[in-house]
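For reference, the structure is listed below as structure tokens.
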Amino acid sequence: MSRYEPREIEGRWQRVWSEEGTWEVPNPGQEGFDPEKPKAYVLEMLPYPSGEPHVGHLKCYSLGDAIAHFRRRNGYEVIHPMGFDSFGLPAENNAIKTGEPPLVATERSIASFRRQFADWGVSIDWSRELATHTPEYYRWTQWIFLQLFERGLAYRTQAPVQWCPKDATVLANEQVVDGRCERCGTEVETRNLRQWFFKTTEYAQQLLDDFDELESWPPHVITMQKNWIGRSEGAEVTFRCESANLDFPVFTTRPDTLFGATFFVMAPEHPYLDQLIEGTEVEDEVREYVNGVARASVAERGDEGRPKTGVPLGRTVTNPVNGEEIPMFVADYVLMDYGTGAIMAVPGHDERDYEFAQVFDLPVKRVIEGEPEEGGDANGLPYSGDGPMVGSGRFDGMNNREAYGEIVDWLKLESRGDAAVNFRLRDWLVSRQRYWGAPIPIVYCDECGMVPVPEDQLPVRLPEIDDYAPKGKSPLAAASEWVETTCPKCGAAAERETDTMDTFVDSSWYFLRYLDAQNSEAAWDREAADHWMPVDQYIGGVEHAILHLLYARFFAKALKDMGHVGVVEPFANLFTQGMITRDGAKMSKSKGNTVSPSEIVARHGADAARTYVCFMGPPERSGDWTDEGVEGVHRFLSRLWRLGEELSAGAAGPVVLPDGLEGEAREVGAKAHWAIDKATGDFGRGFQFNTVIAAVMELVNEIYRVKDGLIAEGGDGAEAVRFATATAASLIQPFAPHLSAEVYEKLTGERVWEVAWPEADPEMLRSDTVTIVVQVGGKVRDRIEVPDGAPEDEILAAAKAAENVARHLEGMAIVKEIVVPGKLVNLVVKPA
RNA sequence: GCCCGGAUGGCGGAAUGGUAGACGCCGCGGCCUUAAAAGCCGCUGUUCUUCGGGACGUGCGGGUUCGAGUCCCGCUCCGGGCACCA
């Protein structure tokens, strides 16, 4: 007999799918569109094409493809597109090193990715392919920018921003982790620059509220986003500096501690600082401090354990609740970009303020009574718990929670404050001083100022340049022919914006472009979007839990408010896959423990590679790659293939399980229906693919057990084996589509992907007798076979009669009898 | 420090409160073969055994229950996320 040669089989079926465009689906209004068919949008996160795909991609697309196939065979019209997130720094950094234009390297990588995805046999509608670096795509990225700009959701302003010296560009807050660049790990610096922002804060509350709209997201991803958005309730209270004639609003979550405020602290970047110190004797000292802070890295400043530092300003503000004058300080533990950049300090009830008070020997005042907490001083301060108010005038004696509301009401009455909500979320900084991204479609004119490029002049094409090296501003600034333009409004000489957009902008809307990828008149057609959105199953790595997923959610909400889409949440269901490790460690070239998907596919076939990554274990958890594991799966597929060969000697034709089977023929038929039931159930429970595959393995093992006898016998027995084999092929299709198509066609003459997912026959799931476990005192002592549905007394009698049970009942009295029908008997005993 | 996960054979992992270890890997034995590869069949938690079976066993300590890997309380260790956000 010949051998299972996966590459031969796979190539053959891949050609069929490609030539016939099997996975292409029509939009509403197009030929072949069936409005009756339910839709399913299955999407894996947009890959960044760099070199070759890795096993993480293999896992992601294997999982997604399994879902796509399963849904198709359950009657859904499945849209399953693919594209490339092809703007980005790696290609540009490569260009700086080698001089090779990013476009060239990018297109090479895309070709390699496309080839391998095809090689894996992933069921993709390639007619919808997109790449974010193409003018056909970024034209619409620019269009969305202008849409946001028109509505004030994109704006340009000067602000302290985070600068990565290695990547030579500013970064969004989300892209700074522990004071380091999320991409390259370099410590970031603070710079005061004019930059473009998207107003994500406008949607802060909605980004929280709309979690209710989601069907199924991993709870920890929602938690991470909630933490990132960081909503706090409290009050805004105004402190007045009489000597400078300035009002300072502060945000506090503890208005109940207002009477305990003994000093006042401002962030070093606070815009009023200059006015406060100019010409005073502390001016030099403060400036030196502020400059020192500016020089320090963000990571250093973020270190919580560091001793508190600061400088007194020699001025006071008035505490609005009691008229006390309290001293002002500048200190770097107060951050400019949270709240108002200034705080009231309550050392008696806030740990950080307490530390600062210790350094400067400032008074610490208790305003809430309570049991001392761990780490408090001799007076039990700072105290963060609840209790009755003290030293707080007419609020004394009240519980602090009650006083909280009373104080806010009083502040409001006096016009000195009000209840307030604050978010940690900041606006998204989207401009980058780099080349390989979508140009920001704005022109600066001496007369008209900032002018958006009119829609009909899009795209603003990225020019070709020679020198990609960053020089503190975008390399585009040197392309003078491109920069110099005319004002779209008045026609005078004008200059283009030279910054490009963060590549996360590109990937914040790509799932909409897929729905109408060829449209040259619009980014997408509203009807197409209404039909396909939202994404029914989104799959990707948890590393995007905040960045990409938050930005895409923001886009969906803004686009909805602008009337371009009908949904507020783009991804109804999210699945985050775990990493594949090797020898327990993350794969990396430097460790030399990488696994190359192309090698695995060449050696064992795409079907084995795909089935293995789904079989490794629960896909949300990380799993360790072993070559032996792939070989095991290959062995299993090979067994199934050989069954196909052995059984396809006769003519292919309809395979039906005959009625009235007995003995092994009945057993193998029942096993097939058991596998259908198990596989269908586990598919319904999410991504439990390992047990689906295990069920098909069990079925194949059962077929091997009985096949020789039944085939020799011929007739219904042989037909039962054929049915079981066709069923195994059918059930493995979402994971091993090529082998499945091959075996299924040989047996039945049909194309498995066009065949409905099988249904288990309840009649075949039942058996005449059931095995009942008999326990004595909770310990398994024997097993008995009884007719299905036998009455309890009959079961009990049989149980007590069982040999090993009888032995354990000797000298014992039965005190209780538990009977679980069809399962188990437990005889509770005590010594007689 | 706070918030999530997780802990089951030599390994990856299965188990609606009801037979712990499905399925796969590794290992061992047999068949086939001149031989090997491939394949097929069987065994494979630990331990005791008079070979009938017995004891122990899901990170640790308690509890609920006829019955707990599963539920409750208290820990340990490992992984991840957040952390001067007023």
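All heavy atoms count here, side chains included; hydrogens, waters and symmetry mates do not. Per chain, numbering begins at 1; letters A, B, ... match sequence-line order.
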Any strand: nucleotide that pairs with [N] via Watson-Crick or wobble, under 3.5 Å:
N: B:rG1; result: B:rC82
N: B:rG69; result: none
N: B:rC77; result: B:rG6
N: B:rG39; result: B:rC31
N: B:rC56; result: B:rG45
N: B:rU19; result: none
N: B:rA14; result: none

N/O (side chain, [X]) to phosphate O (OP1/OP2, [N]) under 4.0 Å:
X: A:R424; N: B:rA83; answer: yes
X: A:Q688; N: B:rA15; answer: yes
X: A:R635; N: B:rC26; answer: yes
X: A:H349; N: B:rA86; answer: no
X: A:R781; N: B:rG54; answer: yes

Quick check on B:rG27: syn or anti? Syn means the glycosidic torsion is within 90 degrees of zero.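 You should classify B:rG27 as anti.
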
Enter syn or anti for the glycosidic conformation of B:rG39, syn applying to angles within 90° of 0.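 B:rG39: anti glycosidic orientation.
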
Contact class for [X] (heavy atom, under 4.0 Å): base, sugar-phosphate, or nothing?
X: A:N701; value: sugar-phosphate
X: A:G778; value: nothing
X: A:D353; value: nothing
X: A:V542; value: nothing
X: A:K308; value: base
X: A:T253; value: sugar-phosphate
X: A:E351; value: nothing
X: A:R306; value: base
X: A:H808; value: sugar-phosphate
X: A:N690; value: sugar-phosphate
X: A:S232; value: sugar-phosphate
X: A:V828; value: sugar-phosphate
X: A:P219; value: nothing
X: A:Y704; value: sugar-phosphate

Before accepting this row, confirm whether a basic side-chain N of the pair [X]/[Y] lies closer than 4.0 Å to the acidic partner's carboxylate O.
X: A:R642; Y: A:E645; result: no
X: A:E646; Y: A:K707; result: yes
X: A:E269; Y: A:R301; result: yes
X: A:D788; Y: A:R766; result: yes
X: A:E233; Y: A:R231; result: yes

Closest to the [X] side chain: [options]?
X: A:K823; options: B:rC3, B:rG18, B:rG53; result: B:rG18
X: A:K779; options: B:rA55, B:rC23, B:rG53; result: B:rA55
X: A:T691; options: B:rG18, B:rG53, B:rA15; result: B:rA15
X: A:R639; options: B:rU19, B:rC84, B:rC41; result: B:rC41
X: A:N804; options: B:rG54, B:rA86, B:rG18; result: B:rG54
X: A:R642; options: B:rG6, B:rC40, B:rA86; result: B:rC40

Between A:Y612 and A:D627: side-chain donor-acceptor atoms closer than 3.5 Å: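 Distance-only check fails for A:Y612 and A:D627.
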
Indicate whether any N or O donor in one side chain lies under 3.5 Å from an N or O acceptor in the other, for A:D427 and A:T201. yes

Which residue is it: A:F356, A:Y354, A:F239, A:F360? I am looking for the one with a ring pair (Phe, Tyr, Trp, His ring centres under 6.0 Å) to A:F263. A:F356

Using heavy-atom distances to pick each residue's nearest nucleotide on RNA chain B, tell me which of A:E698 and A:P618 is more 5'. A:P618

Mapping A:A695 and A:N227 onto RNA chain B by nearest heavy atom, which one lands closer to the 5' end? A:A695

Measure from CD1 on A:I795 to C1' on B:rG18 and round the result to the nearest Å. 14 Å

For atom CD of A:Q775 and atom P of B:rA20, their distance in whole Å: 7 Å

Answer yes or no: side-chain N or O of A:N826 and base N or O of B:rC66 forming a donor-acceptor pair under 3.5 Å. yes

